[in-house]
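Just so you know, ligand 1 is whichever comes first in the structure, and atom 1 is the first atom listed for that ligand.
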Amino acid sequence: MYWNRAIECMDRDRLEELQLKRLKEVLARVYEKVPLYRRKFDAAGFDPRSVNALDDIKNVPFSTKEDMRESYPFDMFAVSLKEVVRIHASSGTTGKSTVVGYTRNDIAVWAELMARTLANAGTTSDDVVHNAYGYGLFTGGLGVHYGAEKIGASVIPISGGNTRRQVQIMADFGSTILACTPSYSLFLGESAIEAGYNPSKDFKLKAGVFGAEPWSESMRKEIEEKLNILAIDIYGLSEVIGPGVAAECKEKNGLHVNEDHFLIEVIDPETGENAPPGTLGEIVFTSLTKEAIPIIRYRTRDISSIIPGSCPCERTHARMARVSGRTDDMLIIRGINVFPSQIESVLLEIEETEPHYLLVVERKGHLDTLEVQVEVDEKHFSDEVRSLEALENKIRREIESILQISVDVKLVEPKTIQRSEGKAKRVVDKRQI
Ligand code: DLL
(Lines give C-alpha, C1' and ligand atoms only; values in the text may rest on other atoms or scores of the structure.)
Protein backbone atom coordinates (compact mmCIF):
# COMPACT_ATOMS: atom_id res chain seq x y z
CA MET A 1 0.00 0.00 0.00
CA TYR A 2 1.24 3.45 -0.87
CA TRP A 3 0.66 6.66 1.01
CA ASN A 4 1.88 8.86 -1.83
CA ARG A 5 2.09 6.76 -4.99
CA ALA A 6 2.92 9.68 -7.28
CA ILE A 7 6.11 10.40 -5.35
CA GLU A 8 7.01 6.91 -4.21
CA CYS A 9 6.79 5.50 -7.75
CA MET A 10 8.05 8.65 -9.49
CA ASP A 11 9.95 8.29 -12.72
CA ARG A 12 13.67 8.19 -11.78
CA ASP A 13 14.76 10.93 -14.16
CA ARG A 14 12.18 13.26 -12.69
CA LEU A 15 13.16 12.23 -9.17
CA GLU A 16 16.80 13.01 -9.88
CA GLU A 17 15.87 16.36 -11.39
CA LEU A 18 13.98 17.18 -8.21
CA GLN A 19 16.91 16.05 -6.07
CA LEU A 20 19.35 18.22 -8.01
CA LYS A 21 17.14 21.28 -7.71
CA ARG A 22 16.75 20.72 -3.97
CA LEU A 23 20.44 19.96 -3.52
CA LYS A 24 21.45 23.27 -5.08
CA GLU A 25 18.98 25.11 -2.87
CA VAL A 26 20.08 23.48 0.37
CA LEU A 27 23.78 23.99 -0.37
CA ALA A 28 23.22 27.68 -1.03
CA ARG A 29 21.13 27.96 2.13
CA VAL A 30 23.60 26.33 4.51
CA TYR A 31 26.46 28.34 3.01
CA GLU A 32 24.59 31.48 3.82
CA LYS A 33 23.08 30.52 7.19
CA VAL A 34 25.38 28.07 8.96
CA PRO A 35 28.92 29.33 9.70
CA LEU A 36 30.22 25.77 10.21
CA TYR A 37 29.31 24.82 6.63
CA ARG A 38 30.65 28.07 5.23
CA ARG A 39 33.99 27.43 6.97
CA LYS A 40 34.09 23.83 5.76
CA PHE A 41 33.20 24.70 2.17
CA ASP A 42 35.71 27.56 2.06
CA ALA A 43 38.47 25.43 3.58
CA ALA A 44 37.87 22.73 0.94
CA GLY A 45 37.68 25.32 -1.86
CA PHE A 46 34.13 24.16 -2.61
CA ASP A 47 31.75 26.65 -4.20
CA PRO A 48 28.10 25.61 -3.76
CA ARG A 49 27.30 27.25 -7.10
CA SER A 50 29.61 24.77 -8.84
CA VAL A 51 27.10 21.91 -8.46
CA ASN A 52 25.53 21.04 -11.82
CA ALA A 53 24.86 17.32 -11.42
CA LEU A 54 24.03 15.00 -8.54
CA ASP A 55 27.41 13.40 -8.95
CA ASP A 56 29.06 16.70 -7.97
CA ILE A 57 28.05 15.88 -4.39
CA LYS A 58 31.36 14.07 -4.11
CA ASN A 59 33.14 17.43 -4.04
CA VAL A 60 31.23 18.53 -0.95
CA PRO A 61 32.99 18.12 2.42
CA PHE A 62 31.54 15.60 4.90
CA SER A 63 29.94 16.49 8.19
CA THR A 64 30.12 14.36 11.32
CA LYS A 65 28.81 13.79 14.81
CA GLU A 66 31.84 15.75 16.07
CA ASP A 67 30.57 18.77 14.12
CA MET A 68 27.22 18.37 15.88
CA ARG A 69 28.98 18.19 19.23
CA GLU A 70 31.04 21.30 18.57
CA SER A 71 27.87 23.11 17.54
CA TYR A 72 26.01 22.12 20.72
CA PRO A 73 23.25 23.00 21.21
CA PHE A 74 21.98 25.11 18.30
CA ASP A 75 24.91 26.31 16.20
CA MET A 76 24.09 24.07 13.24
CA PHE A 77 20.55 25.42 13.02
CA ALA A 78 19.90 27.33 9.80
CA VAL A 79 16.94 29.23 11.26
CA SER A 80 16.37 31.22 14.44
CA LEU A 81 14.72 29.54 17.43
CA LYS A 82 11.64 31.61 16.72
CA GLU A 83 11.00 29.38 13.71
CA VAL A 84 11.76 26.14 15.56
CA VAL A 85 8.67 24.39 16.92
CA ARG A 86 10.30 21.22 18.26
CA ILE A 87 13.64 20.10 19.66
CA HIS A 88 14.79 16.48 19.95
CA ALA A 89 18.12 15.02 21.02
CA SER A 90 20.03 11.74 21.05
CA SER A 91 23.15 10.56 22.85
CA GLY A 92 26.42 12.13 21.93
CA THR A 93 29.79 10.51 22.41
CA THR A 94 30.47 12.51 25.57
CA GLY A 95 28.23 14.27 28.05
CA LYS A 96 26.72 16.46 25.36
CA SER A 97 23.82 15.17 23.35
CA THR A 98 23.19 15.65 19.64
CA VAL A 99 20.48 18.28 19.37
CA VAL A 100 18.15 18.67 16.40
CA GLY A 101 15.33 21.11 15.63
CA TYR A 102 12.24 21.18 13.41
CA THR A 103 10.35 24.04 11.84
CA ARG A 104 6.60 23.69 11.36
CA ASN A 105 7.30 22.60 7.80
CA ASP A 106 9.90 20.04 8.93
CA ILE A 107 7.26 18.49 11.19
CA ALA A 108 4.83 18.35 8.26
CA VAL A 109 7.45 16.59 6.10
CA TRP A 110 8.24 14.19 8.95
CA ALA A 111 4.54 13.34 9.34
CA GLU A 112 4.31 12.68 5.58
CA LEU A 113 7.35 10.38 5.63
CA MET A 114 6.07 8.51 8.67
CA ALA A 115 2.68 8.15 7.01
CA ARG A 116 4.51 6.50 4.08
CA THR A 117 6.39 4.26 6.54
CA LEU A 118 3.24 3.14 8.34
CA ALA A 119 1.35 2.68 5.06
CA ASN A 120 4.14 0.32 3.95
CA ALA A 121 2.96 -1.96 6.77
CA GLY A 122 -0.64 -1.62 5.59
CA THR A 123 -1.78 1.03 8.11
CA THR A 124 -5.04 2.84 7.26
CA SER A 125 -7.49 5.08 9.09
CA ASP A 126 -9.19 1.92 10.38
CA ASP A 127 -6.13 0.90 12.38
CA VAL A 128 -5.25 1.21 16.04
CA VAL A 129 -1.55 2.01 16.37
CA HIS A 130 0.05 0.83 19.60
CA ASN A 131 3.01 3.17 19.82
CA ALA A 132 5.49 1.81 22.35
CA TYR A 133 8.45 3.85 21.09
CA GLY A 134 9.59 6.26 23.77
CA TYR A 135 8.02 9.72 23.77
CA GLY A 136 10.37 12.49 24.77
CA LEU A 137 13.66 13.71 23.41
CA PHE A 138 13.96 10.41 21.47
CA THR A 139 12.43 10.80 18.00
CA GLY A 140 10.73 7.38 17.85
CA GLY A 141 7.55 8.10 19.81
CA LEU A 142 6.55 11.43 18.31
CA GLY A 143 7.68 10.44 14.80
CA VAL A 144 5.33 7.45 14.69
CA HIS A 145 2.65 9.48 16.43
CA TYR A 146 2.48 12.21 13.81
CA GLY A 147 2.58 9.74 10.90
CA ALA A 148 -0.22 7.64 12.37
CA GLU A 149 -2.37 10.72 13.04
CA LYS A 150 -1.79 11.93 9.50
CA ILE A 151 -3.13 8.62 8.20
CA GLY A 152 -6.08 9.04 10.53
CA ALA A 153 -5.38 5.90 12.53
CA SER A 154 -6.21 5.82 16.24
CA VAL A 155 -2.94 6.22 18.12
CA ILE A 156 -2.31 4.79 21.57
CA PRO A 157 0.62 6.88 22.85
CA ILE A 158 1.65 4.25 25.37
CA SER A 159 5.41 4.96 25.11
CA GLY A 160 7.89 2.47 26.65
CA GLY A 161 7.76 0.49 29.90
CA ASN A 162 5.05 -1.01 32.09
CA THR A 163 4.84 -4.12 29.96
CA ARG A 164 1.93 -5.83 31.74
CA ARG A 165 -0.24 -2.79 31.14
CA GLN A 166 0.88 -2.66 27.51
CA VAL A 167 -0.24 -6.25 27.03
CA GLN A 168 -3.64 -5.62 28.57
CA ILE A 169 -4.22 -2.47 26.53
CA MET A 170 -3.16 -4.24 23.35
CA ALA A 171 -5.81 -6.88 23.97
CA ASP A 172 -8.56 -4.60 25.33
CA PHE A 173 -8.17 -1.77 22.78
CA GLY A 174 -7.68 -4.14 19.86
CA SER A 175 -4.36 -2.71 18.68
CA THR A 176 -3.70 -3.67 15.06
CA ILE A 177 -0.29 -2.08 14.38
CA LEU A 178 2.61 -2.37 16.80
CA ALA A 179 5.41 0.21 16.79
CA CYS A 180 8.44 -0.45 18.99
CA THR A 181 11.97 -1.81 18.90
CA PRO A 182 12.16 -5.40 17.57
CA SER A 183 13.53 -6.72 20.86
CA TYR A 184 10.69 -5.12 22.81
CA SER A 185 8.11 -6.71 20.50
CA LEU A 186 9.43 -10.13 21.48
CA PHE A 187 9.42 -9.20 25.13
CA LEU A 188 5.83 -8.01 24.79
CA GLY A 189 4.88 -11.31 23.11
CA GLU A 190 6.55 -13.32 25.83
CA SER A 191 4.94 -11.26 28.61
CA ALA A 192 1.54 -11.71 26.94
CA ILE A 193 1.94 -15.48 26.99
CA GLU A 194 3.06 -15.37 30.62
CA ALA A 195 -0.02 -13.33 31.47
CA GLY A 196 -2.20 -16.05 29.92
CA TYR A 197 -2.92 -14.47 26.52
CA ASN A 198 -2.63 -16.22 23.19
CA PRO A 199 -1.30 -13.48 20.88
CA SER A 200 -2.80 -15.07 17.73
CA LYS A 201 -6.27 -15.27 19.24
CA ASP A 202 -6.50 -12.51 21.81
CA PHE A 203 -4.73 -9.76 19.84
CA LYS A 204 -5.89 -8.13 16.62
CA LEU A 205 -2.34 -7.23 15.60
CA LYS A 206 -1.65 -7.49 11.87
CA ALA A 207 1.70 -5.73 11.40
CA GLY A 208 4.58 -4.07 13.19
CA VAL A 209 7.07 -1.32 12.30
CA PHE A 210 10.31 -2.14 14.05
CA GLY A 211 13.58 -0.24 14.16
CA ALA A 212 15.93 1.97 16.19
CA GLU A 213 18.28 -0.99 16.72
CA PRO A 214 19.85 -3.72 14.57
CA TRP A 215 17.94 -6.96 14.05
CA SER A 216 18.21 -9.98 11.78
CA GLU A 217 16.12 -12.11 9.45
CA SER A 218 15.92 -14.83 12.08
CA MET A 219 14.58 -12.34 14.58
CA ARG A 220 12.01 -11.20 12.04
CA LYS A 221 10.87 -14.81 11.63
CA GLU A 222 10.53 -15.20 15.36
CA ILE A 223 8.49 -11.99 15.74
CA GLU A 224 6.24 -12.86 12.81
CA GLU A 225 5.57 -16.33 14.16
CA LYS A 226 5.13 -15.40 17.81
CA LEU A 227 2.85 -12.43 17.17
CA ASN A 228 1.33 -13.71 13.92
CA ILE A 229 2.05 -10.42 12.11
CA LEU A 230 3.96 -8.88 9.22
CA ALA A 231 7.16 -7.30 10.62
CA ILE A 232 8.88 -4.57 8.63
CA ASP A 233 12.18 -2.82 9.27
CA ILE A 234 12.16 0.96 9.61
CA TYR A 235 15.30 3.07 9.80
CA GLY A 236 16.24 6.58 10.68
CA LEU A 237 18.42 8.76 12.86
CA SER A 238 17.79 11.97 14.73
CA GLU A 239 20.34 13.94 12.75
CA VAL A 240 18.55 13.23 9.46
CA ILE A 241 14.94 13.52 10.73
CA GLY A 242 14.33 10.58 13.12
CA PRO A 243 12.40 7.53 11.91
CA GLY A 244 11.08 8.08 8.37
CA VAL A 245 14.39 8.03 6.50
CA ALA A 246 13.87 4.55 5.00
CA ALA A 247 11.46 1.65 5.42
CA GLU A 248 10.78 -1.75 3.95
CA CYS A 249 7.72 -2.39 1.85
CA LYS A 250 5.82 -5.66 2.05
CA GLU A 251 8.41 -7.32 -0.21
CA LYS A 252 10.86 -7.12 2.72
CA ASN A 253 13.86 -6.92 0.44
CA GLY A 254 15.55 -3.68 1.42
CA LEU A 255 14.47 -0.34 2.87
CA HIS A 256 13.22 2.28 0.40
CA VAL A 257 14.94 5.58 1.15
CA ASN A 258 12.69 8.64 0.93
CA GLU A 259 14.89 10.02 -1.80
CA ASP A 260 12.77 13.06 -2.54
CA HIS A 261 13.96 14.37 0.85
CA PHE A 262 17.27 12.60 1.45
CA LEU A 263 20.20 11.91 -0.81
CA ILE A 264 21.93 8.66 0.11
CA GLU A 265 25.53 7.70 -0.62
CA VAL A 266 27.63 4.75 0.48
CA ILE A 267 31.30 5.43 1.04
CA ASP A 268 34.37 3.44 1.92
CA PRO A 269 34.83 4.56 5.55
CA GLU A 270 38.63 4.46 5.20
CA THR A 271 39.08 6.48 2.02
CA GLY A 272 35.84 8.48 1.90
CA GLU A 273 35.42 7.44 -1.76
CA ASN A 274 31.97 6.46 -3.03
CA ALA A 275 31.42 2.70 -3.03
CA PRO A 276 29.84 0.95 -6.04
CA PRO A 277 26.19 -0.22 -5.72
CA GLY A 278 25.89 -3.46 -3.79
CA THR A 279 29.09 -2.85 -1.83
CA LEU A 280 28.93 -2.49 1.95
CA GLY A 281 30.14 0.81 3.32
CA GLU A 282 29.23 3.73 5.54
CA ILE A 283 25.94 5.43 4.80
CA VAL A 284 26.10 9.18 4.18
CA PHE A 285 23.00 11.37 3.97
CA THR A 286 22.27 14.86 2.73
CA SER A 287 18.91 16.28 3.73
CA LEU A 288 17.39 18.05 0.72
CA THR A 289 14.49 19.88 2.32
CA LYS A 290 15.13 20.21 6.06
CA GLU A 291 14.79 23.80 7.20
CA ALA A 292 15.80 23.94 10.87
CA ILE A 293 18.93 21.79 10.68
CA PRO A 294 19.86 20.65 7.20
CA ILE A 295 22.67 18.12 7.20
CA ILE A 296 25.13 17.89 4.38
CA ARG A 297 26.99 14.65 3.55
CA TYR A 298 26.51 13.48 7.12
CA ARG A 299 28.54 10.39 8.00
CA THR A 300 26.10 8.16 9.90
CA ARG A 301 28.65 5.51 10.95
CA ASP A 302 26.00 2.95 9.98
CA ILE A 303 27.09 0.15 7.67
CA SER A 304 24.84 -0.88 4.81
CA SER A 305 24.74 -0.96 0.99
CA ILE A 306 22.49 0.19 -1.82
CA ILE A 307 20.68 -2.76 -3.36
CA PRO A 308 20.93 -2.66 -7.17
CA GLY A 309 17.88 -3.35 -9.34
CA SER A 310 14.23 -2.58 -8.96
CA CYS A 311 11.60 -3.70 -6.46
CA PRO A 312 8.43 -5.57 -7.49
CA CYS A 313 6.40 -3.05 -5.44
CA GLU A 314 7.08 -0.48 -8.22
CA ARG A 315 8.52 2.08 -5.85
CA THR A 316 11.42 3.74 -7.64
CA HIS A 317 13.22 5.02 -4.56
CA ALA A 318 16.57 3.31 -3.89
CA ARG A 319 16.71 0.51 -1.37
CA MET A 320 19.32 0.17 1.33
CA ALA A 321 20.13 -3.19 2.92
CA ARG A 322 19.32 -3.61 6.60
CA VAL A 323 21.96 -1.91 8.75
CA SER A 324 24.51 -4.54 9.61
CA GLY A 325 26.85 -2.70 11.95
CA ARG A 326 28.59 0.52 12.89
CA THR A 327 31.99 1.95 12.12
CA ASP A 328 32.28 3.26 15.69
CA ASP A 329 31.72 1.71 19.11
CA MET A 330 28.14 2.90 19.64
CA LEU A 331 25.95 0.27 21.30
CA ILE A 332 22.18 0.26 21.12
CA ILE A 333 20.69 -1.02 24.36
CA ARG A 334 16.91 -1.27 24.54
CA GLY A 335 16.71 1.19 21.67
CA ILE A 336 18.92 3.75 23.43
CA ASN A 337 22.22 4.73 21.87
CA VAL A 338 25.09 4.26 24.29
CA PHE A 339 28.69 5.28 23.73
CA PRO A 340 31.26 3.62 26.02
CA SER A 341 32.84 7.07 26.37
CA GLN A 342 29.72 8.31 28.19
CA ILE A 343 30.23 5.66 30.88
CA GLU A 344 33.95 6.26 30.97
CA SER A 345 33.42 9.94 31.68
CA VAL A 346 31.31 9.05 34.75
CA LEU A 347 33.86 6.52 36.01
CA LEU A 348 36.73 8.98 35.64
CA GLU A 349 34.97 11.36 38.00
CA ILE A 350 34.71 8.73 40.74
CA GLU A 351 37.64 8.86 43.05
CA GLU A 352 37.41 5.33 44.44
CA THR A 353 37.64 3.55 41.08
CA GLU A 354 40.47 2.88 38.64
CA PRO A 355 40.07 3.75 34.97
CA HIS A 356 39.79 0.06 34.07
CA TYR A 357 36.34 -1.12 33.15
CA LEU A 358 34.46 -3.58 31.01
CA LEU A 359 30.93 -3.27 29.66
CA VAL A 360 29.10 -6.57 29.31
CA VAL A 361 25.97 -6.50 27.16
CA GLU A 362 23.60 -9.47 27.06
CA ARG A 363 20.12 -10.24 25.86
CA LYS A 364 18.23 -11.98 28.62
CA GLY A 365 14.75 -13.10 27.68
CA HIS A 366 14.61 -10.56 24.80
CA LEU A 367 15.67 -7.64 26.99
CA ASP A 368 19.14 -6.16 26.77
CA THR A 369 21.13 -5.83 29.97
CA LEU A 370 24.27 -3.82 30.58
CA GLU A 371 26.71 -4.65 33.34
CA VAL A 372 29.48 -2.19 34.09
CA GLN A 373 32.44 -3.91 35.72
CA VAL A 374 34.93 -1.52 37.21
CA GLU A 375 38.03 -1.92 39.33
CA VAL A 376 38.09 -0.36 42.76
CA ASP A 377 41.41 1.13 43.82
CA GLU A 378 43.56 -0.76 46.34
CA LYS A 379 42.75 1.55 49.21
CA HIS A 380 39.00 1.22 48.92
CA PHE A 381 38.89 -2.45 48.10
CA SER A 382 39.95 -3.36 51.62
CA ASP A 383 36.90 -1.50 52.88
CA GLU A 384 33.91 -3.35 54.25
CA VAL A 385 31.23 -4.81 51.99
CA ARG A 386 28.62 -2.23 52.95
CA SER A 387 30.64 0.69 51.73
CA LEU A 388 31.36 -1.17 48.48
CA GLU A 389 27.63 -1.62 47.99
CA ALA A 390 27.08 2.05 48.62
CA LEU A 391 29.74 2.83 46.03
CA GLU A 392 28.11 0.49 43.49
CA ASN A 393 24.82 2.24 44.02
CA LYS A 394 26.36 5.65 43.64
CA ILE A 395 28.04 4.70 40.35
CA ARG A 396 24.86 3.05 39.10
CA ARG A 397 22.77 6.14 39.83
CA GLU A 398 25.23 8.43 38.09
CA ILE A 399 25.45 6.26 34.99
CA GLU A 400 21.69 5.81 34.88
CA SER A 401 21.08 9.52 35.08
CA ILE A 402 23.25 10.03 32.01
CA LEU A 403 22.16 7.04 29.92
CA GLN A 404 18.48 6.94 30.94
CA ILE A 405 18.51 3.15 31.09
CA SER A 406 19.01 0.82 34.04
CA VAL A 407 22.45 -0.75 34.44
CA ASP A 408 24.13 -3.17 36.83
CA VAL A 409 27.40 -2.11 38.38
CA LYS A 410 29.84 -4.71 39.61
CA LEU A 411 32.94 -3.60 41.49
CA VAL A 412 35.86 -5.93 40.95
CA GLU A 413 39.22 -6.32 42.65
CA PRO A 414 42.12 -4.19 41.50
CA LYS A 415 44.03 -5.56 38.48
CA THR A 416 41.41 -8.16 37.54
CA ILE A 417 40.16 -6.63 34.31
CA GLN A 418 42.32 -7.87 31.50
CA ARG A 419 44.83 -5.30 30.25
CA SER A 420 45.40 -4.93 26.56
CA GLU A 421 48.61 -4.17 24.75
CA GLY A 422 46.82 -2.52 21.89
CA LYS A 423 43.38 -1.05 21.71
CA ALA A 424 41.65 -1.74 25.01
CA LYS A 425 38.68 -4.07 24.75
CA ARG A 426 36.02 -2.26 26.73
CA VAL A 427 32.92 -4.01 25.49
CA VAL A 428 31.82 -7.62 25.45
CA ASP A 429 28.60 -7.88 23.49
CA LYS A 430 27.13 -11.34 23.99
CA ARG A 431 23.89 -10.63 22.15
CA GLN A 432 23.08 -12.83 19.22
CA ILE A 433 20.47 -11.18 17.09
O1 DLL B 1 16.67 5.45 16.51
C2 DLL B 1 15.27 6.81 15.09
C3 DLL B 1 14.30 5.69 14.96
C4 DLL B 1 13.26 5.59 15.86
C5 DLL B 1 14.43 4.76 13.92
C6 DLL B 1 12.32 4.57 15.72
C7 DLL B 1 13.50 3.75 13.78
C8 DLL B 1 12.44 3.66 14.68
P9 DLL B 1 18.56 7.73 17.01
O10 DLL B 1 18.19 7.55 18.44
O11 DLL B 1 19.23 8.99 16.61
O12 DLL B 1 17.30 7.61 16.10
O13 DLL B 1 19.49 6.49 16.62
C14 DLL B 1 19.91 6.33 15.28
O15 DLL B 1 19.96 3.92 15.50
O16 DLL B 1 22.24 5.58 13.32
C17 DLL B 1 21.36 3.32 13.70
O18 DLL B 1 22.63 3.01 14.23
C19 DLL B 1 20.29 2.83 14.66
N20 DLL B 1 19.09 2.38 13.94
C21 DLL B 1 17.95 3.05 13.72
N22 DLL B 1 17.08 2.29 13.02
C23 DLL B 1 17.70 1.10 12.78
C24 DLL B 1 17.35 -0.10 12.10
C25 DLL B 1 16.47 6.52 15.98
N26 DLL B 1 16.16 -0.27 11.53
C27 DLL B 1 20.73 5.08 15.13
N28 DLL B 1 18.28 -1.09 12.04
C29 DLL B 1 21.11 4.82 13.69
C30 DLL B 1 19.49 -0.93 12.61
C31 DLL B 1 19.00 1.17 13.36
N32 DLL B 1 19.88 0.16 13.28
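We find that Lys206 and Asp127 are joined by a salt bridge, their nearest charged nitrogen and carboxylate oxygen being less than 4.0 Å apart. A salt bridge does not link Glu291 to Arg104: none of the charged nitrogens lies less than 4.0 Å from a carboxylate oxygen. Between Asp368 and Arg334 there is no salt bridge, since none of the side-chain N atoms of the basic residue sits less than 4.0 Å from a carboxylate O of the acidic one. Under the 4.0 Å criterion applied to side-chain N and carboxylate O atoms, Arg319 and Glu251 are not assigned as salt-bridge partners. Electrostatic pairing of Arg12 and Glu16 counts as a salt bridge here, judged by a charged N lying under 4.0 Å from a carboxylate O.
Tyr102 has its ring centre less than 6.0 Å from the ring centre of Trp110. Checked against a 6.0 Å centroid threshold, the rings of Tyr135 and His145 count as neighbours.
The protein heavy atom nearest to atom 7 (C) of ligand 1 is Ala212 N, 3.3 Å. Closest protein heavy atom to atom 11 (O) of ligand 1: Ser238 OG, 2.5 Å. Annotation: atom 25 (C) of ligand 1 to nearest protein heavy atom, Gly236 O, 3.6 Å.
Under 4.0 Å from ligand 1, heavy atoms of Leu237 appear from its side chain as well as its backbone. Here Pro243 has heavy atoms under 4.0 Å from ligand 1 in both its backbone and its side chain. With a 4.0 Å heavy-atom cut-off, ligand 1 is reached by the side chain of Asn337 but not by its N, CA, C or O. Contacts between Thr139 and ligand 1, counted as non-hydrogen atom pairs separated by less than 4.0 Å, involve the side chain only. Using a 4.0 Å cut-off between heavy atoms, Asp302 contacts ligand 1 through its side chain alone, with no backbone atom that close. Residue Ile332 touches ligand 1 through its side chain alone, judged by heavy-atom distances below 4.0 Å.
Listed by atom number, the atoms of ligand 1 under 4.0 Å from Ser90 heavy atoms are 11 (O). Taking a cut-off of under 4.0 Å to the non-hydrogen atoms of Asp233, the atoms of ligand 1 that pass are 24 (C), 26 (N). Numbered from 1 in the order shown, with element, the atoms of ligand 1 that lie under 4.0 Å from a heavy atom of Tyr133 read 6 (C), 8 (C). Each of the atoms 4 (C), 6 (C) of ligand 1 lies under 4.0 Å from some heavy atom of Gly140.
Within the 3.5 Å criterion, the main-chain N or O of Leu288 finds no donor-acceptor partner in the side chain of Arg22.
Evaluated by nearest non-hydrogen atom to atom 32 (N) of ligand 1, the leading choice among Glu248, Glu213, Met320, Arg326 is Glu213.
Here the straight-line distance linking atom CD1 of Ile296 with atom CZ of Arg29 works out to 8.5 Å at 0.5 Å rounding.
Sorted by first then second residue, the ring-ring contact (aromatic ring centres under 6.0 Å, His included) pairs that include residues 251-293, not counting sequence neighbours, number zero.
For the ligand labelled ligand 1, residue Met330 lies inside the 4.0 Å heavy-atom shell.
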